[in-house]
Protein chains: 2
Amino acid sequence: MLRLSKMSDYAAVVMAHIARYPEQAHAAAELSEAVGVPRPTVSKTLKMLMHAGLLQSRRGAQGGYRLTRTPIEISVSEIIEAIEGPVAMTECSQAEGECGLAATCGVADNWQRVSMAIRQFLDSVTLADLAQKTPIKMPVMLPIQSVSLASISDA
Amino acid sequence: MLRLSKMSDYAAVVMAHIARYPEQAHAAAELSEAVGVPRPTVSKTLKMLMHAGLLQSRRGAQGGYRLTRTPIEISVSEIIEAIEGPVAMTECSQAEGECGLAATCGVADNWQRVSMAIRQFLDSVTLADLAQKTPIKMPVMLPIQSVSLASISDA
DNA sequence: ACATTGAGGACCATTCTAGTCCCCATTAAA
DNA sequence: TTTAATGGGGACTAGAATGGTCCTCAATGT
């Protein structure tokens, strides 16, 4: 896993499409066609993105959706969260305590750290990155073992 | 999302438990109790981990499960994959082409790169990291924008 | 007025998930 | 050699999540 639902996938594609023409208002029908996803489904996605505050809408003729911020100011994690709720790998890494297993598992702490790292990474990728034609570059991902223990002190 | 199924969660906890006493054989019943998860469910998890080659089993009295490798040699991504199959964020980032939307989406490439980065990160976290009591340190996660474009050249 | 376009929410079908159970094979120990 | 412990394999089920559809109402530009 680390699977992303299809809806999130659509969301990313739709957002990227809008990001390429940020000035225009994009109607659901237009986006549906551009992206090749049935209208009602795109609509649903758009509504979710709107509720999350990533899009603003205007009804009526010439209406449609626009970004509320510039593509650089929107992170991939925000898009994902708009659709799926808080990004976390496991139950215990999102809810406070009450994991049930917490006492016995002895992994919670480290699990949460892993989750956090991924989360931070996703924060750093922007919609602009996604939308651009030339492939984005991967961030430097140092193997966890090679990190000097002092670099991020907690423990 | 980036949600991990409960099964994967169990798997991680169980593996960590075994990793703390690598010499002994651990019976399903023992693990079930240690971890607080019903026996049949733990069993199922163990079977999956075995099929993936992360555990070896011995039947009969005094039997049970052991690691096939040392905790340092087992990565978190392997554990996850043992349960959920290939780790990938989206359909198109795992299957070759034929995403259907590929033509229109224009995001596939970048999406795959994001997925790859996470994947690599998960590769770098080991079972030993998970199992240790003192919290593991986070790897350095440079914001994607700050990475010099030359550092990983493709495009 | 009227055509366009989104809002809101009900609804359904299918898949996935978690979890259970049963019976057989293997192995150690009594 | 019998017995008890232990995993192997797989079928099965209930419930939830997912993806997707549809309908009616509200807003807004022409």
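Chain identifiers are assigned alphabetically (A, B, ...) following the order of the sequence lines, protein sequences preceding nucleic acid strands; residue numbering begins at 1 within each chain.
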Task: Side-chain heavy atoms of B:Gln132 within contact of B:Arg20, under 4.5 Å - done: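 No, every pair of side-chain atoms sits at 4.5 Å or beyond.
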TODO: Kindly indicate whether the side chain of A:Val42, heavy atoms from C-beta on, has any atom under 4.5 Å from the side chain of A:Tyr10.
DONE: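 A side-chain contact is absent here, since even the closest heavy-atom pair is not under 4.5 Å.
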Protein-nucleotide distance ([X], atom [atom1]; [N], atom [atom2]), rounded to Å:
{"X": "A:Ile18", "N": "C:dG6", "atom1": "CD1", "atom2": "C1'", "value": "13 Å"}
{"X": "B:Met50", "N": "D:dG7", "atom1": "CE", "atom2": "P", "value": "11 Å"}
{"X": "A:Asp9", "N": "D:dT18", "atom1": "CG", "atom2": "P", "value": "14 Å"}
{"X": "A:Arg66", "N": "C:dG6", "atom1": "CZ", "atom2": "C1'", "value": "14 Å"}
{"X": "B:Gln62", "N": "D:dA5", "atom1": "CD", "atom2": "P", "value": "11 Å"}
{"X": "B:Leu46", "N": "C:dT20", "atom1": "CG", "atom2": "P", "value": "15 Å"}
{"X": "A:Lys47", "N": "C:dT5", "atom1": "NZ", "atom2": "P", "value": "16 Å"}

Open item on the list: Which residues in residues 52-60 of chain A have a heavy atom closer than 4.0 Å to any atom of DNA chain D?
Closed with: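 A:Arg58, A:Arg59, A:Gly60 - these, ordered by number, are the residues of the stretch whose heavy atoms sit under 4.0 Å from the strand.
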Open item on the list: Near DNA chain D, counting only heavy atoms under 4.0 Å, which residues of residues 23-30 of chain B show up?
Closed with: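 Heavy-atom cutoff 4.0 Å gives B:His26, B:Ala27, B:Ala28.
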- [ ] Say whether, by atom type as modelled, one donor and one acceptor occur between the side chain of A:Asn110 and the main chain of B:Asp129 under 3.5 angstrom.
- [x]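 Pair found, side chain donor or acceptor close to backbone of B:Asp129.
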Open item on the list: For B:Met7, is there any backbone N or O sitting under 3.5 Å from a side-chain donor or acceptor partner on B:Thr45?
Closed with: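 Flag not set: sc B:Thr45 to bb B:Met7 has no pair under 3.5 Å.
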Open item on the list: Working to the nearest 0.5 angstrom, can you tell me the gap between B:Tyr21 OH and B:Arg66 CZ?
Closed with: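 The OH atom of B:Tyr21 sits 15.5 Å away from the CZ atom of B:Arg66.
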TODO: Find the distance between NZ (A:Lys6) and CD1 (A:Ile83) and round it off to the nearest 0.5 Å.
DONE: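 Separation between the atoms: 15.0 Å.
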Contact under 4.0 Å: [X] side-chain N or O vs [N] OP1/OP2:
{"X": "B:Arg39", "N": "C:dC22", "result": "no"}
{"X": "B:Tyr65", "N": "D:dT6", "result": "no"}
{"X": "A:His51", "N": "C:dA7", "result": "no"}
{"X": "B:Thr41", "N": "C:dT20", "result": "yes"}
{"X": "B:Tyr10", "N": "C:dA18", "result": "no"}

Task: Nucleotide nearest B:Pro40 (side chain, heavy atoms from C-beta), chosen from C:dA7, D:dG9, C:dT20 - done: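 Comparing C:dA7, D:dG9, C:dT20 against the side chain of B:Pro40, the answer is C:dT20.
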Task: Residue pairs involving residues 23-48 of chain A (criterion ring-ring contact (aromatic ring centres under 6.0 Å, His included); sequence neighbours excluded) - done: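 Matches after skipping sequence neighbours: A:His17-A:His26.
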Could you list, one pair per line, each protein nitrogen or oxygen that sits under 3.5 Å from a nitrogen or oxygen of nucleotides 10-17 of chain C, together with the distance?
{"unit_1": "C:dT17", "atom_1": "OP1", "unit_2": "A:Arg3", "atom_2": "NH2", "d": "3.2"}

TODO: May I ask you to decide whether A:Glu78 forms a salt bridge with A:Arg69, counting only side-chain N to carboxylate O separations under 4.0 Å?
DONE: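 Looking at A:Arg69 together with A:Glu78, the answer is yes, because their closest N to O distance falls below 4.0 Å.
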Task: Pairing of A:Arg119 and A:Glu81 as salt bridge, 4.0 angstrom limit - done: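 The answer is yes: the pair qualifies as a salt bridge.
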Please table the atom pairs, donor to acceptor, closer than 3.5 Å between any side-chain atom in residues 48-64 of chain A and protein atoms at least two apart or in another chain.
{"unit_1": "A:His51", "atom_1": "ND1", "unit_2": "A:Lys47", "atom_2": "O", "d": "3.2"}

Task: Under the side-chain hydrogen bond (donor to acceptor under 3.5 Å, both in side chains) test, residues paired with B:Glu73 that sit two or more places apart - done: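 Partners of B:Glu73 under the side-chain hydrogen bond (donor to acceptor under 3.5 Å, both in side chains) test: B:Thr70.
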